[in-house]
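For reference, the structure is listed below as C-alpha cells.
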Amino acid sequence: MDEVTISSTITLRFATRDDSHVAKAIYSREEIDSIYGLDSVGLLDGLFVFMKDIGFIDALKRFNIISYKRMMLPLVNFILTYMTKILMDIPSMNALPEILFANRAAMELIGFNAEVLENGLCNRGNHSRTPGKKKPAPFSPQTLANVLERFSIEEAESLLNTLISLIARNSLLDEELSAIIDATDLEVPDSFPEIDGCGAVVRKKKVVDKHGRIQEIEVVVRGFKLITLLWQRGRIPLAAKIVKINEHESNYMLELIHKAQENIGRYAKIARLFFDKGFLDGPTLYELDEMHITFVVPAKDNMRVTCDARSIAGMGSGYISSRTIEVSHGHGDSKTTEHLTTELVGIEGLCTYDQYSPEEEQNHIGRKDYSPKPINAVVVRKWDNKDFGPSGKTVFLTNGPVDDPFVPFDGYDERSTIENLLHREGKQAFGLGVIPKRSTHALYTHVYMVLTTFAIVQAYRTYQDRGDDHDAELWPTEKALEQDDLPSPSTARKPRMQKRDDPFHGIGMARWRRQLSRANMDKVIVFFQGSYGIFDLTELGILSGMRLKVSREEREFTERILERYGIDPSP
C-alpha cells in the first residue's frame, strides 16, 4: 500500500482497487470506511489503474521540482489533483472546492483521507479567517495554482516526455509512426504581464459591423504558440514546445522531431510526417529526407516548383489517377446518394525547388553549377467533383513515391486530425486555453499537464481496445456499451485482441464522457482499509445480504456474483 506521512496525525495513502477484498468485507458485515455513487469517478478508476500499470504513478512519486522546498503535501498529490481537474473538465480554479474537493470519492481515490478532507492540511491563516468561515480543505485553489507556478519550463515539459517514454516502453505505439506537426495560438488576457515572456502578433479577424455585414479587420493578439508533434493513428502527442506567438513554427520542427524520437527511443520510429505550408522550409525538408522520413506538404502558389508541376500536369504527363466514392446524405425516404470524383497527377523528379538542399548550400543558389535535390509532387486536378482544369490547383510536395498519388494525398488528408482533435478537443474538453494563473511558468505547466492528461486518455483507450485492460472495467468498450452482460468472473488477463485501425471508433472526448457516465450511473464505489471496490447496485444489495424473493434463475445469478468475488455462501 502506497503511504505518505505528512505529520504525526495526517497520513495520505493511494487507494488500491481490490473488488474481491472489499466484497468479502461487505459480505462479512465489516465496518466500511465510506461508500459513494460512482458518477464522475468513473473517469479516474481505469486511468489510475493504467497509469500504475505502465509505471507513470511511480514516476510521479519520484518527480520533484527544485523550487519546491517545504512540502506539506507530496508533489504527486498536487499533480494528480490538477490532472483530475483536467479530466473532469472543471472550468476554473475557483470551481475546485464545489466540484472536485466536495467529491469525496474522487479525492479519496487520489489519496486524501477523511481527516484531511474535513480539516485541511494545516491551521495556517486561522487567526485571520472570518469567524464562522470554514477553512479550505484539503487546501485552497490558490495553493494549487502557486505550486504550478513553481515548475520550471524544463520540469513541466519533462512530465510529457516521461509519459511518452513509458507509453513507448509498454509497446503502445506502432513500430512505424505517421505523425502530424501543427501549431495553435495560446492567447492571454490583456492583464497578463508584458514582461513575462509572451509575444504579440497581428491576426486577421472576422467581425460583423452594425449593418450586419462581415468585415475582416486586423487585431493584435498577445500570447504564446503551442507546437505539437502528434501520432496520427493513436492521437498521442509525442513531443511539444511552447514559444512566443510571433515566432515562426518552422524554426522548431527538427528540434521537435528529435525530441519525439528521443522520447519513443528504440521502440518506434517516425516514418511519415504531414504538415501545412507554415512549416515549409527547404533545408528542413532536406534534413527530413536524410532522416528517411517521408513528408507531404502543400506548396505555395508563388513557388517555381508549383508552376512547373502544374505545367507538366497540364501537358498530360505524370501518373494520372482518378477515384470515385459514394456518399450518402439523409436517412429513410429522404436519403440521397452522391458520387464524388477526385483526380490527381503524380510527378517525379522536379528540380526547381532551389531551397531543397542543405543549409550550408543555401548561399550557392543562383550559381550555374548549383543543383537542388529533386522532389516529387502531386497535383490535384479535381477534388470531390470540383474541377480545377488540366493544370490543377493544389500541389503537394513529397519525397515519397507518387506512382499512386492517392497514397500521399490520403496521408495528408489525415492532417486535420491534429486540428480537429488535439487542438479543438484540447481547448473544449481539456481546458487548454484556461490558464490557472497569469504567469508564464503557470501557463507552461498547465499546457504540458493538459497534453500529458490528453495522452493518458488516448493511450488508455488504445490499451483497452487491444485487450490489455484486465483490471479496470469502467472505461467501457464499444461492445460493453452495446450490451449489459456480466463480466467474466475470471481475473486472468484477457487474450490480446487484434489491433484495429481505429481504436476510437469515431468517438470524440465529449461523447466518450457521456457514454462513460451512462455506463456507470448504476455503480457505487466502496472504500475499505485502503482498498476500494466498484459494484453494481444489484451486486451491492446481494453482497449486503438483502433478502429478496427471487426465482431459481435469479438465485443462480446471485451464486455467480458470490463466486466471482471468491465468497463461499455456505454457512
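This chain uses plain numbering: 1 for the first residue, then up along the sequence.
- By the 4.5 Å heavy-atom criterion applied to side chains, Leu75 and Phe63 are counted as neighbours.
- Here the side chain of Glu348 pairs no donor or acceptor atom with the backbone of Pro374 at under 3.5 angstrom.
- Between Leu238 atom CG and Gln261 atom CD the span is 9.0 Å, to the nearest 0.5 Å.
- By the 4.5 Å heavy-atom criterion applied to side chains, Asp354 and Val305 are not counted as neighbours.
- Ser357 and Gln362 share a donor-acceptor pair across their side chains, judged by distance under 3.5 Å alone.
- Donor-acceptor pairing under 3.5 Å is lacking for the side chains of Glu155 and Ser158.
- Side chains of Gln215 and Asp209: a donor on one and an acceptor on the other come within 3.5 Å.
- The shortest heavy-atom contact between Ala299 and Thr306 is CB-OG1, 3.2 Å.
- Ring-centre distance between Phe396 and Tyr412: below the 6.0 Å cut-off.
- In His331, the NE2 atom is not crowded: 12 or fewer heavy atoms of neighbouring residues, nucleotides or ligands sit closer than 6.0 Å.
- Sorted by first then second residue, the salt bridge (Lys or Arg N to Asp or Glu O under 4.0 Å) pairs that include residues 319-330, not counting sequence neighbours, are Arg323-Asp410.
- Salt bridge Glu262/Lys259: present, at least one basic N to carboxylate O contact under 4.0 Å.
- Side-chain contact between Ser322 and Thr341: present, with at least one pair of heavy atoms (C-beta onward) separated by less than 4.5 Å.
- For the residue pair Ala309 and Val395, the shortest heavy atom distance occurs at CB-CG1, 4.0 Å.
- Heavy-atom minimum distance, Phe274 versus Gly411: CE2-C, 3.5 Å.
- Lys277 NZ: more than 12 foreign heavy atoms inside a 6.0 Å radius.
- A salt bridge is absent between Glu216 and Lys206: the closest approach of a Lys/Arg side-chain nitrogen to an acidic carboxylate oxygen does not fall below 4.0 angstrom.
- For the 3.5 Å distance criterion, the side chains of Lys225 and Asn246 fail to qualify, holding no donor opposite an acceptor.
- Judged purely by distance below 3.5 Å, without hydrogens or angles, the side chains of Ser439 and His441 never pair a donor atom with an acceptor atom.
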### Task
Determine, step by step, whether Lys241 and Glu255 satisfy the salt bridge (charged side-chain N to carboxylate O under 4.0 Å, His left out) criterion, reporting the C-alpha distance in whole Å, the side-chain angles of both residues, the deciding distance to 0.1 Å, and the verdict.
CA-CA 9 Å; Lys241 188 172 184 65; Glu255 178 184 341; 3.0 Å; yes
### Task
Test salt bridge (charged side-chain N to carboxylate O under 4.0 Å, His left out) on Arg415 and Asp182 and set out the steps.
CA-CA 9 Å; Arg415 193 196 65 82; Asp182 199 16; 3.6 Å; yes
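- Salt bridge status for Lys427 with Asp185: absent, with no side-chain N to carboxylate O gap under 4.0 Å.
- Residue pairs satisfying the ring pair (Phe, Tyr, Trp, His ring centres under 6.0 Å) criterion with at least one member in residues 366-395, sequence neighbours excluded, are listed as follows: Trp383-Phe409.
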### Message
For a salt bridge (charged side-chain N to carboxylate O under 4.0 Å, His left out) check, start with the C-alpha distance between Glu176 and Arg272, then their side-chain angles and the critical distance, and finish with the verdict.
### Response
CA-CA 8 Å; Glu176 290 191 350; Arg272 293 164 293 277; 3.8 Å; yes
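- Looking at Tyr353, its side chain does come within 3.5 Å of a backbone N or O of Gly282 through a donor-acceptor pair.
- Residues Leu344 and Arg381 are not in side-chain contact: their nearest non-hydrogen atoms beyond the backbone lie 4.5 Å or more apart.
- Ion pairing between Arg222 and Glu187 fails under the 4.0 Å rule for side-chain N and carboxylate O.
- For Lys437, the NZ atom counts as densely surrounded, since its 6.0 Å shell holds more than 12 non-hydrogen atoms of other residues, nucleotides or ligands.
- Note that Lys373 lies in the cation-pi zone of Tyr286, set by a 6.0 Å cut-off to the ring centre and a 45° limit from the axis.
- Looking only at side-chain heavy atoms (C-beta outward), His248 and Asp281 stay at 4.5 Å or farther from each other.
- Here the closest non-hydrogen pair linking Leu47 and Leu87 is CD1-CD2, 3.4 Å.
- The minimum heavy-atom distance linking Thr453 with Phe430 is given by the pair CG2-CE2, 4.2 Å.
- Heavy-atom neighbours of Ile214 CD1 from other residues, nucleotides or ligands within 6.0 Å: at or below the threshold of 12.
- Using cut-offs of 30° and 60° on the angle between ring planes, the pair Phe275 and Phe279 is perpendicular.
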